[in-house]
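Start at 1 and go down the list; that is how both ligands and their atoms are numbered.
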Amino acid sequence: MKLVPALAFTSMAMFCFGQTAKAAQASRPNIVWIFSDDHSYQTIDAYGGHLRGLNMTPNIDRLAAEGMRFDRCYVGNSICGPSRATLLTGKHSHQNGMLVNEGGVFDHNQPQFQKVLQANGYQTALIGKIHLDGAMQGFDYWDVLPGQGVYNNPRFITAAGKNENQGYVTHIITEKSLNWLKNQRDPAKPFMLMIHHKAAHRTWIPAAKDMARYEDIEIPEPPNLFDDFATRTTAPRTQDMSIDKTMSLDADLKVGTPKNDESFPAGQFDARKQEFQKKSLTGKDLVRWKYQQYMKDYLRCIWSMDEDIGKVMVTLKELGLEENTIVMYSSDQGFYMGEHGWFDKRFMYEESFRTPLIARWPGKIKAGSVNTDLVQNIDFAETFLDLASAPIPADMQGRSLVPLLKGKTPSDWRKSLYYHYYEFPKPHHVAPHEGVFDGQRKLIRFFGEGIPNGEEWEYYDLKDDPAEMNNRYGRPETAPDVLVMKKELSRLKTLYQVPNEKP
Ligand code: CA
């Protein structure tokens, strides 16, 4: 709904000012931000990839068909809590203080975009997963999962305290969001609604009604499911996030000892358990079987969320909000769908560094458009503020995507991205690393405990090695490019005010 100021016009000048302000405010769009957890671009049909053709995401695909798909959207630190901290602050982890999930503490008192939106006349709401402990600030309404939350019968927390819910978490988040849109928001104000799903986070528990989906098909394997890391350094060789060694038969694949968790629907996996016990699988056969179950559970979680995105779009239309609302879809980072033999995220390799971003805004974004500029999650906060014609704090580190949405990328748009991962050694033994990417060339420096001589480098040229299988750091033919990228890394560290060594 539009905000119409009641101004008394005492002169022609005031009249003109009033008309301009009125027009500017009337044009301010509502923002619906739909954010999932661990949703890989490989499992969105609109993004193609090795899973193309499965019909995984019809409603997200529709957003892309009616809006813009960003093909080079990346995160600055590929992990849940830190990604959300960046979303709210518009700053890299070292600037907002949220470096890691385990033991990370988010300072809610720091500046965040939603506080500015709120001060500039927007109604703000956050529903679902935020994974930042403590009371949210800058939201007129918030109803969030504690920590990771659970898939069935989840508890939520609001400013007033806890609330218990019966049912499947994705649908509960959607119901709460639709209820807010229909019954709780103030129609006199433009709004920012953040719908934050738990799906498709580990342990990938689908809704019971979706268990038969994909049951009779074979999910295509990535060509590097059995990566031998022949040219790679210590960090990827010593990680603990493989389907083979790390993915558990109990909680992850649901065929072992029933989990001591009352929200776990043990009976939902009885048929799988019986089938598994008959098979006596080992070695690569076991990895392949695990991959199939993992992918199917993951895709079923995505299916529920995609269905619910469809419900949000129907409700926006019913409420007459479809035209003046920008709907954006993204995830807190990407995820490995068996590439390199992995699940999880963290590494600066494409599958987890990159994340989906799609935006639909009728009359403003050209339908079916594709953007290939380098954008990053530090840009989201400034984009929201720009959409709302609100002031952008000078210390935010990204850039508004609004010109890009309108098909007009500024000539001085960034040409490279900075990345920095911190969490080590638990839970997945991925060594800290930082790096730079220019859209084709990627330079990564792993460092710290467990890395021989304190640091190791990798260099990839994605033009001829898109799966990042050939580390070509240290080869004479790549030396000039490596030098250029080292200088660029140094420039970005100065630009973003990164502390020189481990924070
Ligand atoms: Ca995540």
Side-chain angles (χ1 to χ4, degrees), residues 33-44 47 57 60 73-89 92-93 96 98-104 106 126-133 144-151 154 169-170 173 194-206 239-241 243 246-247 251-252 294-295 297-302 304-306 309 328-339 342-358 376-378 380 419-424 426-430:
W33 170 258
I34 305 174
F35 202 49
S36 57
D37 197 324
D38 296 355
H39 192 189
S40 54
Y41 59 84
Q42 306 96 298
T43 51
I44 297 175
Y47 276 100
T57 50
I60 295 173
C73 181
Y74 292 84
V75 298
N77 182 4
S78 179
I79 186 172
C80 305
S83 174
R84 287 168 171 75
T86 291
L87 168 69
L88 300 182
T89 62
H92 279 295
S93 303
N96 65 45
M98 185 74 183
L99 305 177
V100 295
N101 271 347
E102 301 207 356
F106 182 69
L126 167 67
I127 295 165
K129 182 173 176 182
I130 189 67
H131 204 167
L132 300 170
D133 291 342
V144 303
L145 293 165
Q148 297 280 12
V150 294
Y151 273 103
V169 68
T170 301
I173 289 168
M194 305 181 84
I195 306 174
H196 280 207
H197 286 288
K198 171 177 174 61
H201 194 277
R202 194 184 187 186
T203 55
W204 320 293
I205 298 174
Q239 45 60 42
D240 185 15
M241 50 182 266
I243 292 174
T246 316
M247 188 177 279
D252 293 330
Y294 157 52
M295 289 302 302
D297 282 348
Y298 180 98
L299 290 175
R300 289 163 185 151
C301 292
I302 294 298
S304 290
M305 182 184 64
D306 184 83
I309 290 171
M328 303 179 77
Y329 178 77
S330 187
S331 179
D332 62 346
Q333 46 3 249
F335 214 65
Y336 294 92
M337 304 279 97
E339 298 91 351
W342 298 341
F343 66 100
D344 212 71
K345 51 252 184 182
R346 302 166 201 275
F347 281 103
M348 197 193 167
Y349 307 127
E350 288 293 281
E351 291 84 358
S352 46
F353 179 29
R354 194 174 145 196
T355 202
L357 177 64
I358 292 168
Q376 198 164 26
N377 58 345
I378 51 172
F380 297 158
Y419 182 83
H420 198 139
Y421 171 79
Y422 301 83
E423 188 167 84
F424 183 82
K426 288 185 175 178
H428 287 289
H429 205 274
V430 173

Self-check item: Side-chain (S93) to main-chain (L99) donor-acceptor, under 3.5 angstrom
Solution: no

Practice problem: To the nearest 10 degrees, could you say what angle the Ca ion (ligand 1) makes with OD1 of D332 and OE1 of Q333? | Solution: 80°

Practice problem: Please step through ring pair (Phe, Tyr, Trp, His ring centres under 6.0 Å) for the pair Y74 and Y419, ending with a clear verdict. | Solution: CA-CA 9 Å; Y74 292 84; Y419 182 83; 9.4 Å; no

Practice problem: Measure the acute angle between the ring planes of F347 and W342, then classify it against the limits of 30° and 60° as parallel, tilted or perpendicular. | Solution: parallel

Self-check item: the Ca ion (ligand 1) to D38: nearest N/O/S atom name
Solution: OD1

Quiz item: Which angle, to 10 degrees, forms at the Ca ion (ligand 1) with OD1 of D37 on one side and SG of C80 on the other?
Solution: 90°

Practice problem: Look only at the side chain of K198 and the backbone of G149, and say whether a donor-acceptor pair between them is shorter than 3.5 Å. | Solution: yes

